[in-house]
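Just so we're on the same page: letters track the sequence lines, and every chain starts at 1.
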Amino acid sequence: MRWSNYFIPTLRETPADAEVVSHQLLLRAGCIRQLAAGVYSYLPLAWRVLTKIMNIIREEMDRIGGQEFHLPALHPAEIWRESGRWEVMGENMFRLKDRRGADLCLGMTHEEVFTAIARNELRSYKQLPQVWYQIQTKFRDEPRPRSGVLRVREFIMKDAYTFDLDWEGLDKSYNDQREAYCRIFDRCGLQYIIVQASSGAMGGSESAEFMVLTDAGEDHIALCHHCGYAANTEKATSRLPEVEDGDGLPRPEPFPTPGVRTIKDLEDFPDGAPAERQIKTLAYVINGELTLVLLRGDHELNETKLADATGATELRPGHPEEIKQALGAYPGSLGAVGVTKFRIIADRALKGRRNMVTGANRDEYHLRGVDVERDISVSLWTDLRTVKTGEGCPQCEGGTLEVRKALEVGHIFKLGTKYSESMGATVLNEEGKEVPIVMGSYGIGVERIMASAIELYHDEDGIIWPMPIAPFQVILTPVNIGERDQAEAAERLYRQLTEGQIEVLFDDRDERAGVKFKDADLIGIPVRITVGPKRLKEGQVELTVRRTRETRVVALDAVLDAVHELIAAEMAFFQQVGSRT
RNA sequence: CGGGGCGUAGCGCAGCCUGGUUGAGCGCGCUUGAUUUGGGAUCAAGAGGUCGGCGGUUCAAAUCCGCCCGCCCCGACCA
């Protein structure tokens with residue numbers, strides 16, 4: 001490819017509204033342009049990268065017996081109504097009507113459509129297992145698109161679905177996918193971690209996320225370096241030291257707390273209590289019902305855990321006015337002692353605690369001497385708190401957890417029979433009995449692989465593409481294309497490299513060397529061949545590795561071999577760093 | 001949706017508070033010519049703008065007011 005007639009609109013300055021590195025560099029390197037909030041056009045350079053990523057995914061899916069499909073992005077409402085998700089997906093789903101007024105939507109994911117095919121066509125256990133996948137555009141009307149290409153409303157997803165006769169079959173399919181995912185991310189050169197995850201709206205029994213550690217990510221994961229425990233904080237638990245409470249009081253005792261609004265206020269209050277002796281009372285509206293949620297004062301609620309524990313489809317903090325009306329006090333003086341009209345859900349860390357302090361449901365009053373189990377009628381004890389760095393690992397003795405930010409690039413689910421039952425996808429088993437198909441579902445965010453590679457590998461000059469997904473392997477840069485011998489040598493090299501199956505971008509622009517070097521660095525091509533006057537006189541050129549800046553001088557007739565060697569070395573480097581950390 | 005910010009040439013910005021001397025400006029980029037040519041050259045001459053939109057106030061609006069649209073960031077969602 002010749003740069004002079006290839007479209008790479010590089011930018012010297014960083015566009016003002018790009019915050020994360022991958023967004024800035026994708027824009028500057030002429031890879032993407034924004035069309036609307038969370039909607040991006042991929043220009044030729046980015047499309048080459050995405051194509052390479054998709055090819056790696058394809059190869060690994062095919063290797064475990066995956067069959068590639070291409071399903072519609074436009075779905076009739078009926079199948080979503082059948083699975084129950086027409087309601088569940090709420091505002092996140094793009095909905096539209098056709099000319100007759102029939103409801104349609106743009107596909108957010110494809111459990112429904114694949115299951116519809118499965119139920120119509122799969123009849124016998126003999127046809128199982130099936131591994132079906134596609135690489136296709138998904139639409140999600142995100143409440144807040146952000147971070148460039150990391151969180152968007154239209155994106156490319158590899159989604160796969162497995163269909164098995166039983167749970168043992170699913171275990172194998174799930175494991176195959178898991179291993180394929182490892183190979184995919186390894187081959188793309190990503191450093192990633194596999195964590196236990198919440199299944200959320202997808203449903204099912206078990207799920208794992210593939211996470212790239214980066215501050216650009218929006219997830220928080222808890223890691224134990226001692227035993228390797230890793231979980232999304234939506235799921236992670238931890239060990240806490242025992243608290244000695246003493247005897248407490250025979251019954252809760254109210255006391256005035258003027259001006260106290262927060263846990264912190266009550267800690268500082270003369271008659272107050274340290275946060276770990278307080279009960280934090282939160283009022284949530286869960287599926288339309290006011291619910292009290294109790295945690296230790298110094299603990300933080302994880303809303304996903306609350307949603308998972310209650311099966312909530314709609315969940316929000318109560319408004320001050322509705323809380324006042326229901327409980328008789330505003331937030332700041334809320335408590336659950338004596339409350340029977342509302343459901344009370346408590347975090348396990350409160351179990352057995354005595355002599356605690358909590359709001360009295362009377363503004364500016366609190367109760368002390370509260371024995372949680374004696375004084376509060378808790379209807380559900382469960383894990384609700386968000387783990388923090390430094391807490392004990394739930395899996396091993398000596399370890400402590402570290403919480404870090406991460407970006408989700410893949411998610412695998414054991415769905416079980418959720419969709420096959422709601423949509424009636426069954427087969428006859430060996431005994432001739434009709435049984436629901438046991439399903440799994442598996443997703444990869446293709447653009448997120450591209451973006452996280454940039455987050456992981458860049459420097460102040462630009463992108464450093466991992467060789468396996470680089471848009472071109474080599475950039476060929478004559479210092480001065482106006483000099484006849486340089487131009488001719490570069491042309492010869494270009495022909496030779498192209499014939500040698502090297503993906504080469506020939507920077508044949510009549511620009512000054514500095515401009516071409518800066519652009520080459522910015523767009524991150526792994527190997528640069530510089531054709532300059534001094535070396536050329538000796539019949540030589542320079543090969544520079546973008547990642548290390550190492551340069552070596554090579555004779556013209558040895559370039560092809562040297563390039564092959566460097567490509568192999570860079571490939572190897574990224575396969576090796578790109579293993580699980 | 002709640003909170004904050006922004007919208008002036010392809011990109012980055014100034015001007016707005018205190019309306020008119022601004023025929024809307026600066027840097028980069030772009031076009032043409034010359035000189036240059038190993039890390040974003042220099043000089044010269046140019047092209048490029050509904051100041052997000054609509055309405056209002058005013059003799060006069062990029063500037064003041066209202067509504068709308070769009071974008072970014074922080075919070076609740078996910079690949």
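- Pair check for rU63(B) finds none; no Watson-Crick or G-U wobble contact set falls under 3.5 Å.
- To the nearest whole angstrom, the two P atoms, one in rG49(B) and one in rU8(B), are 15 Å apart.
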For nucleotides 37-48 of chain B, give me one character per nucleotide, 5' to 3': B if any protein heavy atom sits under 4.0 Å from the base, S if the only such contacts are to the sugar-phosphate, - if neither. BBBBB-------
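- The number of heavy-atom neighbours closer than 6.0 Å to CD of E300(A), taken from other residues, nucleotides and ligands shown, is 12 or below.
- Look at the P atom in both rG40(B) and rG2(B): the space between them is 49 Å, to the nearest Å.
- Salt-bridge formation is not detected for the pair K280(A)/D298(A): no Lys NZ or Arg NE/NH1/NH2 atom is positioned less than 4.0 Å from an Asp or Glu carboxylate oxygen.
- Taking atom CG of residue N92(A) and atom P of nucleotide rA76(B), one finds them 15 Å apart after rounding to whole Å.
- Two residues, E218(A) and A36(A), neighbour RNA chain B, and the one matched to the more 5' nucleotide by heavy-atom proximity is A36(A).
- Using a 4.0 Å cut-off between charged side-chain N and carboxylate O, D507(A) and K516(A) make no salt bridge.
- The base-pairing partner of rU36(B), taking Watson-Crick or G-U wobble contacts with both distances under 3.5 Å, does not exist among the strands shown.
- Heavy atoms of V446(A) sit nowhere under 4.0 angstrom from any nucleic acid atom.
- Ion pairing between E87(A) and R81(A) fails under the 4.0 Å rule for side-chain N and carboxylate O.
- Other residues, nucleotides and ligands place more than 12 heavy atoms under 6.0 Å from the NZ atom of K405(A).
- Of the C1' atoms belonging to rA14(B) and rC54(B), the separation is 27 Å, rounded to the nearest Å.
- Rounding to whole angstrom units, CG of residue L150(A) and P of rC72(B) are separated by 13 Å.
- Contact check on E542(A) versus R535(A) returns a salt bridge, with a Lys/Arg side-chain nitrogen under 4.0 Å from an Asp/Glu carboxylate oxygen.
- Within 4.0 Å of E142(A), counting heavy atoms only, lies at least one base atom of the nucleic acid.
- Among the atoms of the strands shown, base atoms are found under 4.0 Å from some heavy atom of P143(A).
- Pairing partner, rC77(B): none, since no Watson-Crick or wobble contact has both distances short of 3.5 Å.
- Salt-bridge annotation for R546(A) and D459(A): present, with a side-chain N of the basic residue lying under 4.0 Å from a carboxylate O of the acidic one.
- Distances shorter than 4.0 Å separate none of the side-chain N or O atoms of R144(A) from OP1 or OP2 on rC77(B).
- Within a 6.0 Å radius of CZ in R549(A), other residues, nucleotides and ligands contribute more than 12 heavy atoms.
- The separation of rC28(B) from rA9(B), taken at their C1' atoms, amounts to 12 Å, rounded to a whole angstrom.
- A gap of 36 Å separates the C1' atoms of rA76(B) and rC16(B), to the nearest Å.
- Straight-line distance from the CG atom of L27(A) to the C1' atom of rC72(B): 13 Å, rounded to whole Å.
- When each of S147(A) and E209(A) is assigned the nucleotide of RNA chain B with its nearest heavy atom, S147(A) is the one assigned upstream, toward the 5' end.
- Remark: rC30(B) base-pairs with rG46(B). Criterion, Watson-Crick or G-U wobble with two distances under 3.5 Å.
- Following rounding to the nearest Å, Q136(A) (CD) and rA79(B) (P) show an atom-to-atom distance of 15 Å.
- Listed nucleotides rC11(B), rC72(B), rA79(B) differ in distance to R448(A); the shortest reach to its side chain belongs to rA79(B).
- Put simply, CD on E300(A) is 13 Å from C1' on rG75(B), counting in whole angstrom units.
- Using C1' as the reference atom, rG19(B) and rG10(B) are 31 Å apart when rounded to the nearest Å.
- Side-chain N/O atoms of R146(A) include one lying less than 4.0 angstrom from OP1 or OP2 on rG75(B).
- T14(A) comes within 4.0 angstrom of the backbone, heavy atoms only, and of no base.
- The only member of R58(A), Q134(A), K158(A) that meets side chain to side chain donor-acceptor pair (under 3.5 Å) when paired with E68(A) is R58(A).
- Nucleotide rC17(B) has no partner under the Watson-Crick or G-U criteria, as no pair reaches both atom distances under 3.5 Å.
- Rounded to whole angstrom, the span from the NZ atom of K138(A) across to the P atom of rC78(B) amounts to 16 Å.
- For the P atoms, the distance from rU63(B) to rU32(B) is 37 Å, rounded to whole Å.
- The CD-C1' distance, from E13(A) to rG10(B), rounds to 12 Å in whole Å.
- To the nearest whole angstrom, the two P atoms, one in rG56(B) and one in rA62(B), are 15 Å apart.
- Between the CZ atom of F139(A) and the P atom of rA79(B) there is a distance of 17 Å, given to the nearest Å.
- Between F69(A) and F114(A), the ring centre distance stays below 6.0 Å.
- Distances from the side chain of Q34(A) to the nucleotides rC78(B), rC13(B), rC71(B) place rC71(B) closest.
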